[in-house]
Amino acid sequence: MFKSLSTSLIARGILALAVGVIALAWPSVTVLALVILFAVYAFISAGLQAARAFSSAKAGPVFGHLLLGLADLAAGVIALAWPGPTALVLVLIVGVWAIIAGLVEFSAAFASGEPAGTRVMFILGGLVTIAFGVVLCARPGIGAITLALLFALFNLIAGTWMLVQGIELRRTGKTLQPAHSPHHETNPA
């Protein structure tokens, strides 16, 4: 058990570190990759909408699912045809999401029953998230590169953590293994 989990953590850690280094070295390529992933998602969604349309028994849902499928297909084509504007729109979506999430977090600070320390953390977290969203919306071009660099930083931190945890788990597994060998088992009296 330890060996497979530790191997998985080590492999995922190495992969995350590699992705982090690539994203750090080529942030514009990372942004383009995210746009391509969005396009792939849109194409898959279009296919699923078409499948739902043709599996529906009534005309109303068929028409609605076909329209959604066409909209998804158009979004995928637009993303691939104009990756620059698509990246900016995606950044604006993330910016608006951050502003809304920050406002919700800020308002959560004033919910009844929260201790003072929790309130302060909610307020600070909400303000930082709102500021992040405002910056992304104000400067989406720089925001796209910033998101790529944050993605890189996250992968570097997460990859390092997974790698260290995998190595520690493998060490722990080796030290615990002799204690569970058949030669050390005792018979209950």
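On a predicted model such as this, the values are computed, not experimentally measured, just so you know. We use all heavy atoms of the structure for the numbers below, so side chains are in, but hydrogens, waters and symmetry mates are not.
For the atom pair CD (Glu105) and OG1 (Thr129), the distance works out to 5.0 Å, reported to the nearest 0.5 Å. Atom CG of residue Asp72 and atom CG of residue Leu67 lie 11.0 Å apart, to the nearest 0.5 angstrom. The distance from atom OG of Ser8 to atom CD of Gln165, rounded to the nearest 0.5 Å, is 13.0 Å. Rounding to the nearest 0.5 Å places CZ of Phe122 at 13.0 Å from CG of Leu127. The line from CZ of Phe43 to CG of Leu73 is 6.0 Å long, rounded to the nearest 0.5 Å.
Residues Leu32 and Pro83 share a closest heavy-atom pair of CD1-CB, 3.7 Å. The two residues Ile99 and Cys137 have their closest heavy-atom pair at CD1-SG, 4.2 Å. In this structure, Gly133 and Ala98 approach most closely via the heavy-atom pair CA-CB, 3.7 Å. Listed here is the closest heavy atom pair of Gly76 and Ala39: O-CB, 3.7 Å.
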Check residues 14-30 and write down every donor-acceptor pair under 3.5 Å in which the side-chain atom is one partner and the other belongs to a residue at least two apart or another chain.
residue: Thr30; atom: OG1; partner: Trp26; partner atom: O; Å: 3.1

List the atom pairs, with distances to 0.1 Å, where a side-chain N or O of residues 143-162 and a protein N or O form a donor-acceptor pair under 3.5 Å, not counting sequence neighbours.
residue: Thr146; atom: OG1; partner: Ile142; partner atom: O; Å: 2.8
residue: Asn155; atom: ND2; partner: Phe151; partner atom: O; Å: 3.0
residue: Thr160; atom: OG1; partner: Leu156; partner atom: O; Å: 2.7

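Results of the side-chain contact (heavy atoms from CB on, under 4.5 Å) test with Leu136 over Ile93, Leu92, Val94, Val96 single out Val94 as the only residue that passes.
Under the 4.5 Å side-chain criterion, counting only non-hydrogen atoms from C-beta, Arg170 is in contact with Thr7.
Using modelled atom types and a 3.5 Å distance limit, the side chains of Arg171 and Ser6 yield no donor-acceptor pair.
A tilted orientation is assigned to the rings of Phe38 and Tyr41, their planes being inclined by 30° to 60°.
Annotation: side-chain contact (heavy atoms from CB on, under 4.5 Å) contacts of Leu37 (sequence neighbours excluded): Leu34.
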- Task: Start with the C-alpha distance between Gln49 and Leu70, add both sets of side-chain angles, then the distance that settles side-chain contact (heavy atoms from CB on, under 4.5 Å), and finish with yes or no.
- Result: CA-CA 9 Å; Gln49 289 296 340; Leu70 287 173; over 6 Å; no

